[in-house]
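Values in this document were obtained by computation on a predicted structure and should not be read as measured data.
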Amino acid sequence: SAVKVNGKKLYESARANIPVEPPKKAMTFHEVKLLEIKGDIVKVFLACSKGSFVRTWVEQLGEMLATGATVVSLRRTNSIPYSIEKAVTLAGLPEADQNGTHWIPLEETLPDWWAYKVEGQEEKLLKNGQIPHRVERFLEIECPEKAPGVKVHSRRDGSLLALLTRENHRFTIKRVFSYS
């Protein structure tokens with residue numbers, strides 16, 4: 001895992017044979033389906049909450065079965081709003097580009113981020129990399145603490161103007177989008 005413990009990524013500690021206790025965190029695994037058993041290889045499908053440690057789940061399953069277990073391969077097939085069903089191969093990209101089927105509009109990405117619309121002077125300030133005071137005060141009061149960030153859209157045309165994140169109870173601009 002790339003999760004850091006004491007400033008070092010877990011996989012770096014594992015490769016250096018340094019024992020480290022991974023952090024404990026609540027995870028939800030659902031839709032667990034046994035797909036295939038071939039010898040000592042078990043193929044499983046599962047859906048899980050964001051940030052889940054799938055390898056840890058496999059290790060714990062092996063402990064419960066008193067056999068041990070490790071991950072041979074791992075493939076993510078869905079990360080909202082992206083899914084393997086909507087994926088395009090590199091060879092198929094030119095055709096998909098011609099009919100516009102491979103792009104997810106920027107406005108539809110980051111579905112768990114809070115959305116806010118601005119217009120007029122507020123839109124101009126955001127396009128110039130400034131968060132208007134009224135917007136920041138509103139977000140400090142209204143934006144849920146659990147929201148990973150804020151997508152700021154133009155009220156005029158719905159375009160995505162900026163991404164904001166909360167740092168030390170203040171909002172900062174992570175990215176400003178410029179459209180021609």
Side-chain angles (χ1 to χ4, degrees), residues 1-4 9-15 22-23 25-62 69-119 123 126-129 143-144 146-166 171-180:
S1 170
V3 171
K4 291 184 178 180
K9 294 176 183 173
L10 287 178
Y11 71 80
E12 292 171 341
S13 297
R15 289 178 184 159
K25 91 185 253 189
M27 298 176 276
T28 304
F29 291 88
H30 48 94
E31 288 188 58
V32 179
K33 297 176 186 165
L34 177 62
L35 299 179
E36 180 180 29
I37 299 175
K38 273 190 180 174
D40 59 354
I41 303 289
V42 177
K43 191 173 186 179
V44 176
F45 169 88
L46 56 87
C48 58
S49 58
K50 178 181 171 182
S52 293
F53 298 138
V54 175
R55 288 177 180 85
T56 301
W57 181 87
V58 170
E59 287 172 11
Q60 290 178 351
L61 178 63
T70 187
V71 174
V72 173
S73 68
L74 179 62
R75 183 177 186 202
R76 181 179 304 211
T77 60
N78 189 19
S79 184
I80 296 173
Y82 309 102
S83 70
I84 200 75
E85 290 81 23
K86 294 178 184 176
V88 176
T89 64
L90 286 176
L93 197 54
E95 181 184 332
D97 194 34
Q98 281 184 326
N99 60 30
T101 59
H102 72 287
W103 300 112
I104 293 175
L106 192 56
E107 292 77 16
E108 294 176 22
T109 60
L110 305 171
D112 52 342
W113 285 43
W114 206 63
Y116 183 68
K117 292 185 178 182
V118 295
E119 60 188 346
E123 183 173 335
L126 272 161
K127 284 182 177 180
N128 289 322
C143 181
K146 291 182 179 180
V150 178
K151 299 186 295 186
V152 183
H153 297 268
S154 167
R155 186 175 304 282
R156 180 178 40 79
D157 63 7
S159 62
L160 184 60
L161 301 173
L163 297 177
L164 313 179
T165 56
R166 189 186 322 243
F171 285 89
T172 59
I173 293 179
K174 283 298 179 190
R175 189 77 63 234
V176 174
F177 298 95
S178 176
Y179 301 95
S180 302

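Lys146 meets the salt bridge (Lys or Arg N to Asp or Glu O under 4.0 Å) test with no other residue; sequence neighbours excluded. For Asp40, there are no salt bridge (Lys or Arg N to Asp or Glu O under 4.0 Å) partners, not counting sequence neighbours. For the side-chain hydrogen bond (donor to acceptor under 3.5 Å, both in side chains) test, no residue two or more places apart in sequence or in another chain qualifies with Thr77. Under the salt bridge (Lys or Arg N to Asp or Glu O under 4.0 Å) criterion, Lys174 pairs with Glu167, not counting sequence neighbours. Among residues two or more places apart in sequence or in another chain, the salt bridge (Lys or Arg N to Asp or Glu O under 4.0 Å) test is passed with Glu36 by Lys38.
Proximity of Asn128 to Val176: side-chain heavy atoms (C-beta onward) are nowhere separated by under 4.5 Å.
Although no hydrogens or angles enter the test, the distance criterion places no donor-acceptor pair under 3.5 Å between the side chain of Glu95 and the main chain of Gly92.
To the nearest 0.5 Å, atom OG1 of residue Thr172 and atom CG of residue Leu164 are 7.5 Å apart. Here Arg175 contributes atom CZ and Thr165 contributes atom OG1; the two are 10.5 Å apart, rounded to the nearest 0.5 Å. The CZ atom of Arg55 sits 11.5 Å away from atom OH of Tyr11, with the distance rounded to the nearest 0.5 Å.
Across Phe177 and Leu160, no two heavy atoms sit closer than the pair CB-O, 3.5 Å. Across every non-hydrogen atom of Gly62 and Ala69, the tightest pair is CA-CB, 3.7 Å. Closest approach of Pro23 and Phe53 over heavy atoms only: O-CE1, 4.0 Å. The two atoms that bring Val88 and Leu93 nearest to each other are CG1-N, 3.6 Å, heavy atoms only. Of all the heavy atoms in Val150 and Trp113, the pair that sits closest is N-CE3, 3.3 Å. For the pair Asn78 and Ser83, the tightest heavy-atom approach, listed with the atom from each and the gap, is OD1-CB, 3.8 Å.
Under the side chain to side chain donor-acceptor pair (under 3.5 Å) criterion, the residue pairs touching residues 148-163 are Glu123-Ser154, Glu123-Arg156, Ser154-Asp157, Asp157-Ser159, with sequence neighbours excluded.
By the 6.0 Å contact criterion, NZ on Lys43 is open, its count of non-hydrogen atoms from other residues, nucleotides or ligands being 12 or less.
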